[in-house]
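Since this is a predicted model, take the numbers as computed values, not measurements.
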Amino acid sequence: MTKDELIQYLNEHNAEQVKFAFADIDGILRGKVISKQKLLDTLESGIGFCDVVFGWDSNDAAYDNVQLTGWHSGYPDKQVHIDLSTLRTIPWQNDLPFFLADFSKSKVAACSRSLLKKVVQECADMGYHAEFAQEFEWFNFNESPHSLQQKQFVQPEPFTTGMFGYSILRTSLQSDFYFDLIDLLNKFNIPIEGIHTETGPGVYEAAIVHDNTLAAADKAVLFKTAVKEIAYKHGIMASFMAKWNEQLPGCSGHVHQSLWNPATKENLFYSEEGKHHMSQLMEHYVAGLLYCLPHVLPMYAPTINSYKRLVEGAWAPTTVTWGVDNRTTAVRVLHPTIKNTRVEMRVPGSDTNPYLAIAASLASGLYGIKHQLPLNIEATKGNGYADKSNGVLPSNLLEATTHMQHSSVAKDLFGDAFVEHFTNTRMWECRQFAKHVSDWELKRYFEII
């Protein structure tokens, strides 16, 4: 879309304001509503935005351990540029025009969308077109932000009861919300391939239709916020925590991926003669995913809570494994048809920043191709939790972040500046958790110790 085409569009739709947003390091959308004139005046120059958005955490507490910005720099503006190709309208906000933006031109190392764009360009330079899709599980509650604060987040009430995986009955119970999700997300240009209940009270799972890498990540980032906003309309709160209750399954954010020729007419992962119908290119890609996995794990599992999901027997992987249609391994190879042959990275939870999870997957796979890594790990048959022959995943954020912080592989994939900033933000998260006194500690130690 050119500037003239944008002006024509805004005039035809009587749009005097637009909304734009970008993702911070946690994948949280930050942005604002601006006037039509402000948009037009800043298309080339960019919009000045306080870089504190990369200098604080998900609760707006300022980091004290990052160099990119801080009290030492005075938190200046950085120029954010709107991507006109991302135009869509928000159907639940009177079709307000909406754009995504990033800091690519400003070269801000903490901008996750900019990071993914670099990886996509590398993929194109290697002669490949990548297709991606992320799917999400999340829990829905009969709560509001105010009610949860009043009860101090103790015993939130799921909006349905019982364990009803793939239930037609339970979606009928909340059919207005259910069909609003499908209809409004589709109108918001986030087409849903399928949506259903998962096992657990009030939990849904949705798969987004695959697209080119950047568009798929855009849709995944927007999906999470869109679901929350649509839920608000129905008096519901949607949570994408990886694990909100130790007795219940966690919430995944699996990433599906495949490589095609530039004309997108040939799936390069499929081979009629290959073992498991895997091409040699696909084998290198899977080998790269597995080799790089311990080096980039915080990009798949970015929070303290992420690791509560990555436990044995909880439908999330704990080992560096792959298998053919095996839901207990870290990497699941699927080849139902030539067109749909793909890899599913099963480590990410729904709490991921999709830009980072997808960047980690694509960069790792390309690493395997560039270095011609052999897939010398046998496909796991049966229980992947028991197959520890190629190693197990770190069990907490501190261990995973320490590994990434000192990893030459991570720095090779994403550059020193990103790795330093990102791992410092994860170390900050670990520090916040370490000083917290939990209910578990009070109940265990208050009287008896």
Side-chain angles (χ1 to χ4, degrees), residues 27 116 119-120 123 128-138 185 190-196 198 204-224 240 242 250-261 264 266-270 276-279 281-290 292-293 296 299-301 309 315-317 321-366 368-369 379 384:
L116 179 58
V119 180
V120 170
C123 183
Y128 307 120
H129 169 90
E131 289 281 307
F132 272 79
Q134 193 164 9
E135 59 183 357
F136 291 101
E137 297 168 346
W138 76 97
L185 287 168
I190 307 178
I192 301 302
E193 188 176 85
I195 182 170
H196 60 88
E198 257 295 352
Y204 280 173
E205 178 177 357
I208 305 170
V209 175
H210 68 85
D211 205 333
N212 72 76
T213 310
L214 186 61
D218 287 341
K219 290 174 181 177
V221 168
L222 291 173
F223 175 88
K224 293 172 69 173
F240 288 81
C251 291
S252 69
H254 301 154
V255 177
H256 294 255
Q257 54 213 277
S258 57
L259 291 184
W260 296 65
N261 67 349
T264 66
E266 181 186 0
N267 187 340
L268 301 177
F269 276 0
Y270 182 84
H276 307 303
H277 295 301
M278 295 171 66
S279 67
L281 186 82
M282 187 183 193
E283 290 188 1
H284 291 321
Y285 192 98
V286 171
L289 286 174
L290 295 172
C292 296
L293 176 53
V296 300
M299 298 173 74
Y300 295 133
R309 169 181 164 266
W315 299 100
T321 48
W322 75 280
V324 178
D325 199 8
N326 189 330
R327 286 184 169 86
T328 69
T329 57
V331 175
R332 177 180 173 226
V333 169
L334 294 159
H335 49 78
T337 64
I338 296 176
K339 178 181 176 182
N340 294 313
T341 296
R342 64 194 187 276
V343 173
E344 178 189 34
M345 168 53 75
R346 293 181 56 82
V347 176
S350 58
D351 58 345
T352 50
N353 176 344
Y355 292 125
L356 296 187
I358 290 174
S361 279
L362 182 56
S364 297
L366 295 178
I369 294 171

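In this structure, Tyr128 has no ring pair (Phe, Tyr, Trp, His ring centres under 6.0 Å) partners at least two apart in sequence or on a different chain. Remark: Thr341 engages Asn267, Phe269, Tyr270, Met282, His335 in a side-chain contact (heavy atoms from CB on, under 4.5 Å) (not counting sequence neighbours). Every residue meeting the side-chain hydrogen bond (donor to acceptor under 3.5 Å, both in side chains) condition with Asp218, not counting sequence neighbours, appears here in chain and number order: Arg113, Tyr355. The ring pair (Phe, Tyr, Trp, His ring centres under 6.0 Å) search around Phe132 returns none, not counting sequence neighbours. Residues passing the side-chain hydrogen bond (donor to acceptor under 3.5 Å, both in side chains) test with Asn340 are Thr337, sequence neighbours excluded. His129 is linked by a ring pair (Phe, Tyr, Trp, His ring centres under 6.0 Å) to nothing, counting only residues two or more places apart in sequence or in another chain. In this structure, the side-chain hydrogen bond (donor to acceptor under 3.5 Å, both in side chains) partners of Asp211, at least two apart in sequence or on a different chain, are Lys219. Ala379 is linked by a side-chain contact (heavy atoms from CB on, under 4.5 Å) to His276, Trp322, counting only residues two or more places apart in sequence or in another chain. Evaluation of the side-chain contact (heavy atoms from CB on, under 4.5 Å) rule for Cys251 yields Glu137, Phe139, Ser350 as partners, not counting sequence neighbours. Residues passing the salt bridge (Lys or Arg N to Asp or Glu O under 4.0 Å) test with Arg342: none are found, sequence neighbours excluded. His210 is linked by a side-chain hydrogen bond (donor to acceptor under 3.5 Å, both in side chains) to Glu131, counting only residues two or more places apart in sequence or in another chain.
The shortest side-chain heavy-atom distance between Val209 and Ile192 does not fall under the 4.5 Å cut-off. Taking 4.5 Å as the limit, every side-chain heavy atom of Thr328 sits out of range of all side-chain heavy atoms of Pro317. Contact of the Ile195 side chain with the Glu205 side chain is not registered, since no non-hydrogen atoms from C-beta on lie closer than 4.5 Å. Looking at Leu334 and Val343, their side chains never come closer than 4.5 Å, going by heavy atoms from C-beta outward. With a 4.5 Å cut-off on side-chain heavy atoms, Ser364 and Leu289 count as touching. No side-chain heavy atom of Val331 sits less than 4.5 Å from a side-chain heavy atom of Val347.
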### Message
With side chain to side chain contact (heavy atoms under 4.5 Å, CB included) as the criterion, how do Glu266 and Ile338 come out once you've worked through the C-alpha distance, each side chain's angles and the decisive distance to 0.1 Å?
### Response
CA-CA 9 Å; Glu266 181 186 0; Ile338 296 176; over 6 Å; no
### Worked check of side chain to side chain contact (heavy atoms under 4.5 Å, CB included) between Glu135 and His256
CA-CA 8 Å; Glu135 59 183 357; His256 294 255; 3.3 Å; yes
### Message
Evaluate Leu362 against Cys123 for side chain to side chain contact (heavy atoms under 4.5 Å, CB included), listing each step before the verdict.
### Response
CA-CA 8 Å; Leu362 182 56; Cys123 183; 4.2 Å; yes
### Task
Walk me through it: do Ser258 and Leu268 pass the test side chain to side chain contact (heavy atoms under 4.5 Å, CB included)?
CA-CA 8 Å; Ser258 57; Leu268 301 177; over 6 Å; no
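Using modelled atom types, one finds a donor on one side chain and an acceptor on the other under 3.5 Å when comparing Gln134 with Thr352.
Listed for the Arg346 side chain is no donor-acceptor partner under 3.5 Å among the backbone atoms of Ala316. Between the side chain of Thr329 and the main chain of Asn326, a donor-acceptor pair closer than 3.5 Å is present. With hydrogens and angles ignored, the 3.5 Å screen pairs a side-chain donor or acceptor of Gln257 with a backbone N or O of Val255. Under a 3.5 Å cut-off, the side chain of Arg309 and the backbone N or O of Pro348 do form a donor-acceptor pair.
Closest heavy-atom contact between Pro354 and Ala217: CB-O, 4.1 Å. The nearest pair of heavy atoms linking Thr321 to Gly384 is CG2-O, 4.2 Å. Of all the heavy atoms in Leu366 and Val119, the pair that sits closest is CD1-O, 4.1 Å.
A salt bridge (charged side-chain N to carboxylate O under 4.0 Å, His left out) check over residues 328-340, counting only residues at least two apart or in different chains, returns the pairs Asp325-Arg332, Arg332-Glu344.
Atom CH2 of Trp315 has 12 or fewer neighbouring heavy atoms from other residues, nucleotides or ligands inside a 6.0 Å radius.
In this structure, Phe136 and Phe240 have perpendicular ring planes: the angle between them is above 60°, well past the 30° mark.
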